[in-house]
Amino acid sequence: MSKSMIHVKVLLPNGKTEVFLLAKKISKGLYWDYKINGDKGVFQMLKGCYITVPVSQYNDKLQAKMTTGKVLAVFWKHRQDSVLFTRSQFVTEDHLLESLKECYRYLRHDYDKVSRGRIFLSLAYWKFKAKKKMSNMPSIAGQKAQQLWKA
């Protein structure tokens with residue numbers, strides 16, 4: 001029987017969703033948080049974050065093409081050998097909205113130039129989507145004004 005491990009469902013910039021094993025470095029900390037808080041702790045915090053993921057198999061030099069995806073779900077599942085691992089770096093949406101440059105510096109790590117470019121472009125894409133989502137949300141003050149106007 002295979003071991004149950006923490007997985008993430010990730011939305012990629014191309015619109016596809018993929019399931020990845022969460023990096024072992026992150027999984028160890030999440031395991032202890034899960035034992036204490038269940039799925040209400042860090043599992044919930046990771047939803048909506050942007051994480052570095054491979055979009056190809058690893059080559060002989062243990063390198064893969066990398067991008068940044070948005071975490072949609074965090075869950076336990078039996079390990080499948082065909083599933084790729086995420087990397088350990090992730091950023092929150094608030095951090096991305098505050099500074100694309102800072103997030104890129106953190107996530108680019110030591111990847112090759114092509115992956116660094118893909119990471120930058122995907123972060124720019126996610127920031128654009130987050131800003132668009134925020135601009136479509138009416139402000140609380142605007143909602144109150146509409147309620148008063150209707151009354």
Side-chain angles (χ1 to χ4, degrees), residues 1-140:
M1 179 121 180
S2 61
K3 185 178 178 182
S4 187
M5 298 180 76
I6 301 172
H7 289 66
V8 289
K9 183 176 183 180
V10 176
L11 178 62
L12 300 173
N14 65 8
K16 294 181 181 180
T17 58
E18 297 283 341
V19 174
F20 296 91
L21 279 161
L22 197 60
K24 290 179 184 179
K25 289 179 184 178
I26 300 174
S27 292
K28 288 177 185 177
L30 284 183
Y31 172 76
W32 292 108
D33 182 75
Y34 183 81
K35 285 187 79 123
I36 296 167
N37 300 312
D39 61 1
K40 304 292 184 243
V42 180
F43 272 49
Q44 290 297 320
M45 193 251 352
L46 270 177
K47 288 182 186 177
C49 286
Y50 303 98
I51 193 163
T52 309
V53 295
V55 289
S56 71
Q57 295 294 323
Y58 285 86
N59 63 21
D60 296 338
K61 296 179 183 178
L62 299 176
Q63 295 177 337
K65 297 174 184 173
M66 306 302 286
T67 191
T68 307
K70 185 173 185 175
V71 177
L72 300 176
V74 183
F75 53 92
W76 289 94
K77 183 178 175 185
H78 289 290
R79 179 179 178 174
Q80 298 170 341
D81 289 331
S82 61
V83 177
L84 295 171
F85 279 92
T86 67
R87 297 306 300 255
S88 298
Q89 303 86 13
F90 66 91
V91 295
T92 64
E93 187 170 274
D94 289 341
H95 193 189
L96 180 59
L97 287 168
E98 186 178 310
S99 177
L100 171 65
K101 186 177 179 180
E102 194 175 301
C103 289
Y104 170 69
R105 282 184 181 160
Y106 176 65
L107 294 180
R108 72 180 179 195
H109 201 50
D110 58 356
Y111 303 119
D112 61 65
K113 288 181 182 180
V114 174
S115 287
R116 285 181 179 202
R118 192 178 286 109
I119 289 167
F120 179 80
L121 290 174
S122 62
L123 284 173
Y125 168 79
W126 293 120
K127 183 171 182 171
F128 172 79
K129 294 280 283 187
K131 278 186 167 184
K132 187 175 179 183
K133 178 181 76 173
M134 289 183 72
S135 68
N136 289 339
M137 289 183 179
S139 67
I140 294 172

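The chain is numbered in sequence order, starting from 1.
Between Phe120 and Tyr104, the angle of the ring planes goes over 60°, which puts this pair in the perpendicular group of the 30/60° scheme.
By the 4.5 Å heavy-atom criterion applied to side chains, Thr67 and Pro13 are counted as neighbours. Contact check for Val8 versus Thr86: side-chain heavy atoms found under the 4.5 Å cut-off. Side chains of Glu18 and Leu12 form a contact here, defined as non-hydrogen atoms less than 4.5 Å apart. The shortest side-chain heavy-atom distance between Gln57 and Leu84 falls under the 4.5 Å cut-off. The shortest side-chain heavy-atom distance between Arg118 and Tyr111 does not fall under the 4.5 Å cut-off. When side chains are defined from C-beta on, Lys77 counts as touching Phe75, because their heavy atoms get closer than 4.5 Å.
Separation of atoms OG (Ser115) and CZ (Arg108) is listed at 13.5 Å; rounding is to 0.5 Å. For the atom pair CG of Leu72 and SG of Cys49, the computed distance is 11.5 Å after rounding to the nearest 0.5 Å. Atom OG of Ser122 is separated from atom CG of Asn14 by 11.0 Å, given to the nearest 0.5 angstrom. The structure places SG of Cys103 at 8.0 Å from CD of Glu98, a figure rounded to the nearest 0.5 Å. For the atom pair CG (Leu96) and NZ (Lys131), the distance works out to 9.5 Å, reported to the nearest 0.5 Å.
With Phe20 as the partner, the side chain to side chain contact (heavy atoms under 4.5 Å, CB included) test is satisfied by one option alone out of Ile51, Val53, Val71: Val53. Screening Gln89, Glu93, His95 for a side chain to side chain donor-acceptor pair (under 3.5 Å) with Tyr50, the sole residue that qualifies is Glu93.
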### Task
In sequence, state the C-alpha distance, the side-chain angles, and the governing distance for Thr17 and Val10, and then conclude on side chain to side chain contact (heavy atoms under 4.5 Å, CB included).
CA-CA 5 Å; Thr17 58; Val10 176; over 6 Å; no
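Remark: Phe128 CZ is loosely packed, at most 12 non-hydrogen atoms of other residues, nucleotides or ligands lying under 6.0 Å away.
Shown here for Leu97 and Ala130, the closest heavy-atom pair between the two residues is CD2-CB, 3.8 Å. When all heavy atoms of Ile119 and Leu107 are compared, the pair lying nearest together is CD1-O, 3.8 Å. When all heavy atoms are compared, the tightest approach of Tyr106 to Phe90 is CE2-O, 3.5 Å. Between Thr68 and Trp126, the closest heavy-atom pair is O-NE1, 2.8 Å.
For Ala64, the side chain to side chain contact (heavy atoms under 4.5 Å, CB included) criterion is met by Pro54, Ser56, Tyr58, Met66, not counting sequence neighbours. Lys127 meets the salt bridge (charged side-chain N to carboxylate O under 4.0 Å, His left out) test with no other residue; sequence neighbours excluded.
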